Amino acid sequence: MTAFVDLYTEGDTFLHRMDPRVKILGVVFLTVLALIIGNLYYLLTLLAAIGILLALGRAKLSKTLYALKMVLRVMVLIVILWPFFNPTGTPVLFHYGIIKITQPGIIKGIAVAIRIACLASVWYILMFTTTQRDLVRALVKMGLRFDFGLALSIALRFLPTFGAMVESIRDAQRARGMEFDRGSVFKRSRKYVAVLVPTIVGALRTADTLSLALQSRAYGARKDRTYLRDFSMRTSDYAALALFGLALALPAFAKYALNVHI
Amino acid sequence: MIPRPIGRADKDFFIVARDIKYSYGDGIEALKGVSLRIGKGEFIAVVGGNGSGKTTLAKNMNGLLRPTSGSLDVAGRPSAEMTVAELAHHIGYAFQNPDHQLFSGTVEEEVRFGPKNLGMEEQEVEKQTEHAIAHMGLQEYRQVQPLTLTLGLRRKVSIASVIAMDPQVILLDEPTTGLDGREIADLMKCAVSLNEEGHTLILITHDMRLVAQYARRVLVMAGGRLILDSDPAGVFSDLEILASTKLEPPPVTVLAHSLGGFGIPKDIATPEQLVDAIMRARGGTQ
């Protein structure tokens, strides 16, 4: 349950030490890059580069695969379905009635799947090298309102708690003879009322207590907040930011100013 | 005092556990081999510090967790062959937090939920619901939304919803946490009458006074093992064992131990026993 929510992996690599604001910007740059590249081979190059970053950050293979499992399914689906819906160009490989499959269609499907892999793994770099705390703090430093930042960190903090609560509620109902894996889909989803109601009630009760606890600790007493830990950009952070910037700027310049097909 | 397991065959018992072990997914071994036999009509308290394996043992009994090794028979059948729903008919488990199971619009519907899940006939469902509501003294709350009730009453509803499935064994997981003295006495009165009807009561608790007052057999858990299986007097006469489980004996037992020099025995569990012992020590009668 916890692994599902918090992907952070303890480590002391340059990626872990990098200023989280630089990491957020870098990941955003690489995301845009993955979106403007259309060519399969350039996308594969980008994926390889992200792979090198993962390796440098000492990502655990098992955890990475676990985190990317959902995306893998989507990728497989896209590779299979894309050619059917995008039968453009030549050569035509297969044609029967309305079903037509072309080589560019297949390659495009693979490219889109690789693009999704790029997007998922680049965000995974951010998630596994940055604690949720630093992530929220960086967003606040970058201009997010503090209350929103607090709400976000509380939400992240309570996800595992609610996970455990849902587990316990499921057990309590199973102990009353409820069989969640029996019956039609419709019947099964109706059974989840018995889990949903106690979960919502529990969440509301927790929220109520939490807001009282925050108030009793003088939340919102001062408008100008001070911070115990502050970020400061080091030379290496500026260098990293410059590299991320170039990684996006050069291909973008080539595509939009020089009209190079990438 | 209690039906000793020695000399009786396994088939005479309702629950028979042979060296059951249980490890959680993260590799923590919460049960390190527990063997015990529980008969019909017993009143058992399971005590032990937090993390000693009490709840894990309970969840193994009703199938929410399955032993990683060892065997467990319930009602003469291996529990491994039975689904949680089948086991729920034999072992009713009322969770510590009643809010984890209450979801219906009225108390009556809440109580009806269990027997309906077990596929009982309409008439039987009504009979059991009626019986459970009457037993827990919830008649006047029948049409009330359970979540609006006080904690004491919510707990009663959750217990009613378990006994409505007519299980032989009723497992109560720390049923008195957060209740005041009167609510505790009230709840325990219901528990005693269930026991008198022939149900086996298993009470998981930290409250040693409760143990002293109600239980006829005490299972002391520590570090995933069953370290003592005896009557309350036997447990309280051994303060060292209790101390090793981070549990406090009831004050009257501590007093009795300090009075040891005056001829007071050490196996005192209730004030009445202490009074008796003092009378005997004075050599007189009341």
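In what follows, chains are A, B, ... by sequence order, proteins preceding strands, each numbered from 1. These figures come from a predicted structure and were not determined experimentally.
By the 6.0 Å contact criterion, CZ on A/Phe148 is open, its count of non-hydrogen atoms from other residues, nucleotides or ligands being 12 or less.
In this structure the side chain of B/Ser161 reaches within 4.5 angstrom of the side chain of A/Arg176, judged on heavy atoms.
In this structure, the portion of A/Arg205 lying under 4.5 Å from any heavy atom of chain B is its side chain and not its backbone. Within the 4.5 angstrom heavy-atom criterion, atoms from both the backbone and the side chain of B/Glu110 approach chain A.
Put simply, OH on B/Tyr93 and CZ on A/Arg174 are 12.5 Å apart, with the number rounded to the nearest 0.5 Å. Of the inter-residue distances, the one linking A/Met178 atom CE with B/Lys116 atom NZ reads 10.0 Å to the nearest 0.5 angstrom. Taken from CD1 in A/Ile169 to CZ in B/Phe103, the straight-line distance is 11.5 Å, to the nearest 0.5 Å.
Nearest heavy atom pair, residue A/Met165 against residue B/His100, reads CG-NE2, 3.6 Å. Heavy atoms only, all atoms of each residue included: A/Ala175 and B/Phe95 are closest at CB-CE1, 4.1 Å. For the pair A/Gly177 and B/Ala85, the tightest heavy-atom approach, listed with the atom from each and the gap, is O-CB, 3.8 Å.
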What do the steps show when you test B/Lys59 against A/Asp171 for side-chain contact (heavy atoms from CB on, under 4.5 Å), and what is the final call? CA-CA 9 Å; B/Lys59 286 189 175 173; A/Asp171 275 355; 3.8 Å; yes
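Options B/Leu147, B/Asn97, B/Asn62, B/Leu118 differ in how many heavy-atom pairs under 4.5 Å they form with chain A, and the most are formed by B/Leu147.
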